[in-house]
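Have a look at the structure below, then the notes.
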Protein chains: 2
Amino acid sequence: MSIKKPDLLQGTLDLLVLKTLAQGPHHGYGIAQKILLSSRQIIDVQQGSLYPALHRLERKGLVKSEWRESDAGRMARVYSLTRTGHKHLASEIEQWSRYAAAINWVLEG
Amino acid sequence: MSIKKPDLLQGTLDLLVLKTLAQGPHHGYGIAQKILLSSRQIIDVQQGSLYPALHRLERKGLVKSEWRESDAGRMARVYSLTRTGHKHLASEIEQWSRYAAAINWVLEG
DNA sequence: CATGATATGTAGACAGTCAAGGTATAAGAG
DNA sequence: CTCTTATACCTTGACTGTCTACATATCATG
């Protein structure tokens with residue numbers, strides 16, 4: 001993690017994963033890479049955080065998965081957003097925006 | 001809490017408390033009120049979150065406290081920032097900014 | 001054939017927040 | 001004079017989520 005406060009990830013990991021999957025199906029490893037890339041190397045999601053998150057999201061019905069062959073010709077579990085997941089993502093984004101705005105108001109004093 | 005994802009608080013609570021104390025000493029109850037006010041009613045810090053956080057920050061030497069008489073003529077434990085706390089606040093703000101920017105990059109795709 | 005990148009996953013530890021409750025004082029309403 | 005509301009402190013126990021570290025396996029490169 002390029003950032004020293006891992007706690008900041010808490011509550012935003014689902015958002016990051018859902019947003020990444022909204023741009024198309026990915027396997028776990030690829031999701032982590034994409035987040036790292038699109039966050040400009042700042043957010044490096046650890047595997048021990050990512051896989052439990054994916055399983056949690058799948059239990060909640062926000063993502064679904066299937067085994068497929070990856071680009072490299074290897075088996076990988078590919079995750080994609082469900083319709084519920086899409087709706088949920090919209091609400092997560094809204095909550096994040098509200099919360100980030102609230103923090104900034106406090107910081108402005 | 002006016003926001004449905006309590007996890008978002010994690011990692012930002014210390015920041016909120018330190019920032020509030022940077023504007024002058026307060027007792028616990030007053031800190032919660034001030035955060036609620038300056039966040040425009042969005043962030044309502046529960047006492048069960050606040051007091052452990054204050055004790056944690058005091059253990060770390062970022063805040064100090066003493067018993068004083070409050071405005072209402074009652075005894076209250078008044079917290080204030082230490083010099084270390086001030087420095088730490090600056091770094092917390094910087095980390096928050098970086099992290100919030102990173103999230104926004106991911107959301108922009 | 002060893003190493004590093006790809007790929008999935010689990011186990012155990014740990015931290016932080018939450019809901020709920022406990023204690024107590026002061027002020028104002030009835 | 002008693003009830004309620006606001007002020008003010010704090011703890012407990014449950015729960016969730018992330019972390020480090022580990023275990024496993026394939027493929028490509030050197």
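Quick note on labels: first sequence line is chain A, next is B, and so on, each numbered from 1.
- The side chain of A/Arg68 places no N or O atom within less than 4.0 Å of a non-bridging phosphate oxygen (OP1 or OP2) of C/dT8.
- Listed nucleotides D/dC10, C/dT6, D/dT7 differ in distance to B/Tyr29; the shortest reach to its side chain belongs to D/dT7.
- Separating the CE atom of A/Met75 from the C1' atom of D/dT26 is a distance of 12 Å, rounded to the nearest angstrom.
- The two atoms that bring B/Gly28 and B/Leu54 nearest to each other are CA-CD1, 4.0 Å, heavy atoms only.
- Considering only heavy atoms from C-beta on, B/Trp67 stays 4.5 Å or farther from B/Val78 through its side chain.
- Proximity of A/Arg56 to the phosphate of D/dT18: a side-chain N or O atom is located under 4.0 Å from OP1 or OP2.
- Within the 4.0 Å cut-off from OP1 or OP2 of C/dT17, not a single side-chain nitrogen or oxygen of B/Gln47 is found.
- Per the geometry, CD belonging to B/Gln46 stands 16 Å off C1' belonging to D/dA14, to the nearest Å.
- Salt-bridge formation is detected for the pair B/Arg68/B/Glu66: a Lys NZ or Arg NE/NH1/NH2 atom is positioned less than 4.0 Å from an Asp or Glu carboxylate oxygen.
- Contact of A/Arg77 with C/dT8 (side chain to base): no donor-acceptor pair of N or O atoms is detected under 3.5 Å.
- A/His55 has a side-chain polar atom (N or O) that falls below the 4.0 Å cut-off from OP1 or OP2 of C/dG9.
- Rounding to whole angstrom units, CG of residue B/Leu54 and C1' of C/dT17 are separated by 14 Å.
- Nearest to the side chain of B/Leu13, among D/dT18, C/dT17, C/dT8, sits C/dT17.
- Side chain of B/Gln33, nearest nucleotide from C/dA7, D/dG17, D/dT7: D/dT7.
- Between the CG atom of B/Leu9 and the P atom of C/dG16 there is a distance of 12 Å, given to the nearest Å.
- In the model, A/Tyr99 has no side-chain atom that pairs as donor or acceptor with a side-chain atom of B/Ser39 under 3.5 Å.
- Rounded to whole angstrom, the span from the CD atom of B/Gln10 across to the P atom of C/dC14 amounts to 17 Å.
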